[in-house]
Amino acid sequence: MIYLDNSATSLPYDEVLDTYQKTAIRHFGNPSSLHDYGSVAEQLLRKARQSIANILDINTGELTFTSGGTEGNNLAIKGAAYARRGRGNHIITSAVEHPSVLETCRYLETHGFEVTYLPVDREGRVSLENVKEAIRESTILVSIMHVNHETGAIQPVEKIGEWLKSQEKIRFHVDHVQGATKVPLELKNSGIDLCTFSAHKIHGLKGTGLVYIRNGVRVEPLFHGGGQEQNVRSGTENLPGIVAFAKALRLSFERYQDAKDSLEKNKELLIQACRDREGMVVNTPDEISAPHIVNVSVLGARPEIVIQALTKKNIHVSSKSACASRLQTASEVLAAQFGHEERAETGLRFSFSHETKEADIRQLLSALDEIVPEIRRVNEVNV
Ligand SMILES: Cc1ncc(COP(=O)(O)O)c(C=O)c1O
């Protein structure tokens, strides 16, 4: 089996599963309980929080555990928007964000907020100039992702953060779900106020994630209840998931660092090979893009048909983000980048893990050489 859909979700490490199971059995207590089971669980939670804070070089009080990236983006954006409502109602984001950001912003538009969706250039990037131009007196929040989930394009969030440091009124949120452990991002002194992570994209478990909330930054909670997570996210903590997340984060940082060269080589190999093939266009920018994502449009071939044909050969890829991939519409990301041309409707996303091998890429290319001409021929007959 060749799995090239790691941006949708990744295989949990054995060590992560082992940690989850041991914690779930041995330390099943509720961290809020006063008896021994509770206090042991609470100590373990504290240890996991400390370990994640050390890895990310932040304070333990700056971490809020969530159920994943979608909740994290909702919490950061709605939470910051509602907390700053008295100061303004304008939000800036980009047209290429994940649906968990775009739909959250669209929802807020129905609740009195105004949103600017910044355009991107043909490499899929927003510019600091565009951010500056979009700022209004009423701007309270900027939300820009780090690594794009479809193309791997890296946004200039460091530059934007640096400039936003001078804009005291404005909070800056970064969706780091695709970049975490693959593309470095400093949080401390970065101008970033809020940052979202998800465990299942880094070989942790589904249902766990976290939001970095910089000291002093206030967000309105989405969930009300027992006041866990410093009153920001009520609900009994998913202790085994959190402990497993700490393990996944540490191992992923190590393993993706070790695999840096092979990831880059495989990416280059796939990009060059696609460029050499007629009717294939590469949507991932050559420069300033993540090492694990390659997006290619196969003109004249519907992506869902290519995906099915590859699946029959036991090669697993996707077109857009997993949650949008059942919709047979153009990719919003590619449409923002290139306009509503065929290119935006025929994109395929290949996303690697640190274990992806050159042989996997070569097998993918031979499979594409076999199936694409046939799909195009059938397509032409049916037109
Ligand atoms: C960039 C980005 N943000 C947020 C999410 C949502 O994360 P989760 O699946 O953990 O809800 C995803 C998932 O694909 C993503 O790619």
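Nothing fancy with the numbering, it's 1 onward along the sequence. Just so you know, ligand 1 is whichever comes first in the structure, and atom 1 is the first atom listed for that ligand.
Residue Met145 has at least one heavy-atom neighbour below 4.0 Å for each of these atoms of ligand 1: 1 (C). Against a heavy-atom cut-off of under 4.0 Å, Asp175 is close to the following atoms of ligand 1: 1 (C), 2 (C), 3 (N), 4 (C). For ligand 1 and Gly68, the ligand atoms under 4.0 Å from any heavy atom of the residue are 10 (O). Each of the atoms 6 (C), 7 (O), 8 (P), 10 (O), 11 (O) of ligand 1 lies under 4.0 Å from some heavy atom of Gly69. Near Asn73, with a cut-off below 4.0 Å to any heavy atom, the atoms of ligand 1 are 3 (N), 4 (C).
Between the side chains of Ser318 and Asp5, a donor-acceptor pair is found at a separation under 3.5 Å. Thr284 and Asn295 share no donor-acceptor pair across their side chains, judged by distance under 3.5 Å alone.
Residue His149 has no N or O atom closer than 3.5 Å to an N or O atom of ligand 1. Residue-to-ligand polar distances keep Glu71 apart from ligand 1: every N/O pair is separated by 3.5 Å or more.
By the criterion of a heavy-atom distance under 4.0 Å, neither the backbone nor the side chain of Thr9 is placed next to ligand 1. With a heavy-atom cut-off of 4.0 Å, Val177 touches ligand 1 through its side chain alone. Counting heavy atoms under 4.0 Å from ligand 1, residue Glu97 does not touch it at all. If you look at Lys206 next to ligand 1, there are no close heavy atoms at all, none under 4.0 Å.
Taking the ring centroids of His292 and Phe352, they lie at or beyond the 6.0 Å cut-off.
Looking at Arg275 and Asp286, a side-chain N of the basic residue comes within less than 4.0 Å of a carboxylate O on the acidic one, giving a salt bridge.
Of the options His176, Lys201, Glu150, His200, the smallest heavy-atom separation from atom 14 (O) of ligand 1 is shown by Lys201.
Annotation: cation-pi geometry not satisfied between Arg250 and Phe245 (NZ/CZ under 6.0 angstrom from ring centroid, within 45° of ring axis).
Here side-chain hydrogen bond (donor to acceptor under 3.5 Å, both in side chains) pairs that include residues 335-344, with residues two or more places apart or in two chains, are Asn283-Arg343.
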List the atom pairs, donor and acceptor, that lie under 3.5 Å between side-chain atoms in residues 129-137 and the rest of the protein, sequence neighbours left out.
{"unit_1": "Arg136", "atom_1": "NH1", "unit_2": "Glu114", "atom_2": "OE1", "d": "2.6"}

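Atom CG of Asp36 has 12 or fewer heavy atoms from other residues, nucleotides or ligands within 6.0 Å.
Contact analysis puts Ser100 in contact with ligand 1, with a non-hydrogen atom separation below 4.0 angstrom.
Each of His203, Lys201, Lys206 was evaluated against Thr9; a single residue qualifies, Lys206, per the side-chain hydrogen bond (donor to acceptor under 3.5 Å, both in side chains) test.
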